[in-house]
Protein chains: 2
Amino acid sequence: MTQSSLTAILHLFQAQARLEERFSGALGGVHGLGLKEALLLMHLHQAPMLRLTRVDLAKRLHISASTVTRMAVPMEKLGLVVRQPDPRDARLAYVVLTETGQAIVTDARATFERLAAEVFRDRWTEQEIVGLGELLGRLNSNQVGILV
Amino acid sequence: MTQSSLTAILHLFQAQARLEERFSGALGGVHGLGLKEALLLMHLHQAPMLRLTRVDLAKRLHISASTVTRMAVPMEKLGLVVRQPDPRDARLAYVVLTETGQAIVTDARATFERLAAEVFRDRWTEQEIVGLGELLGRLNSNQVGILV
DNA sequence: GCATAGTGCTTGCAAATGCAACGAATATGC
DNA sequence: GCATATTCGTTGCATTTGCAAGCACTATGC
């Protein structure tokens, strides 16, 4: 049991490292977005009112709040997101997806899907892909994800 | 097919982010090693003659060669690894695991196994863990991993 | 053999990132 | 109500990291 657990975890780390390289390059080339920027937009895309606070984003992306603050600046300048203070709680500053941002995120998601399909194109059956997704999903069962 | 592929990839990213947090914290607390340092040592541990060149390490760890150079410095000072030039090719500088390093890597691997087992402790059957490992292993089939 | 190309490693520099401290605002305990 | 604790967001600072350039060495083509 401990042997198979270690195997699974090490393979997961290895797989992620390679996939991140692959996705970062391709996403950056197509949309000028980094992988992390794309994931941020996708989180906003499936959030109620297309918005999330910065700490909420930080938790979902597993990065620090300061990084979210800094990532948001250039994305605001590009018009992908807008800063929106909360009228009830003056501490909160939502990051809101704009219409431009929605268009970009739709595009980025399509690229994501294409890249993901490529990963499994050879030697994978639909059932295996679904199985992998379900097992990994179970690992994230107490997490907030992008998927609807 | 593209939908299930996307699901699997997004879950993989999400799972890795959480596991990296978990493992980084625990490994650092126990051995004073970062996750990446531990993985570097584990790669050396299963390599022929307990050694690898810096570029080889970089490829296996999916980091740049300069990062390997810099990571090696403090680990040499701690006596975990030693620099060993190749007599045949003066360009090569192997990173060699010392006896101290072997002891540490054995320890770190035990910690790794314990942490990995914890991840799956609840709601996972042995068969599911093995299945996950095999599917992820297939994603890495053309990669050089740590596992023997 | 020699010129050229390629490889391994290091270093300078810039970008990214986390941590801790801070200020502002809200929540809590009494 | 008020004092204290907590939360959110930002900023300064240090650390980490990759990229590009450079140096030393080796392989290749002729």
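Chain A is the first sequence line, chain B the second, and so forth, proteins listed ahead of strands; every chain is numbered from 1. Because the structure is a prediction, the values reported are computed rather than measured.
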Just the rounded figure in Å: distance from [atom2] of [N] to [atom1] of [X].
| X | N | atom1 | atom2 | answer |
| --- | --- | --- | --- | --- |
| A:Met75 | C:dA16 | CE | P | 13 Å |
| A:Arg54 | D:dC8 | CZ | P | 13 Å |
| B:Leu57 | C:dT10 | CG | C1' | 16 Å |
| A:Leu92 | C:dT26 | CG | C1' | 10 Å |
| A:Asp89 | C:dG23 | CG | P | 19 Å |
| A:Glu20 | C:dT17 | CD | C1' | 14 Å |
| A:Leu39 | C:dT17 | CG | P | 12 Å |
| B:Asp86 | C:dT7 | CG | P | 17 Å |

Minimum heavy-atom separation for [X] and [Y], please, with both atom names.
| X | Y | result |
| --- | --- | --- |
| B:Met71 | B:Glu37 | SD-OE2, 3.9 Å |
| A:Ala15 | B:Asn140 | CA-OD1, 3.2 Å |
| A:Leu147 | A:Gln46 | O-OE1, 4.5 Å |
| B:Leu35 | B:Ser24 | CB-OG, 3.6 Å |

> Tell me, which of residues 58-72 of chain A have any heavy atom that sits under 4.0 Å from an atom in DNA chain C?
Replying inline: A:Ile63, A:Ser64, A:Ser66, A:Thr67, A:Arg70
> Can we say B:Glu118 and B:Arg114 salt-bridge, meaning some charged N sits less than 4.0 Å from an Asp/Glu carboxylate O?
Replying inline: yes
> D:dT10 phosphate, OP1 or OP2: any side-chain N/O from A:Arg83 under 4.0 angstrom?
Replying inline: yes
>> Quick check on D:dT16: is either OP1 or OP2 less than 4.0 Å from any side-chain nitrogen or oxygen of B:Lys36?
In response: no
> Around atom CZ of A:Arg22, are there more than 12 heavy atoms of other residues, nucleotides or ligands at under 6.0 Å?
Replying inline: no
> Would you say the side chain of A:Ile104 lies within less than 4.5 Å of the side chain of A:Leu78, judging by non-hydrogen atoms?
Replying inline: no
> Any side-chain heavy atom of A:Asn142 sitting closer than 4.5 Å to one from B:Arg18?
Replying inline: yes
> Which nucleotide in the list D:dT7, D:dG9, D:dC25 gets nearest to the side chain of A:Arg91?
Replying inline: D:dT7
> What orientation do A:Phe112 and A:Phe23 show, parallel under 30°, tilted 30 to 60°, or perpendicular over 60°?
Replying inline: tilted
Hey, what are the protein-to-nucleotides 1-4 of chain D N/O distances that come in under 3.5 Å?
none

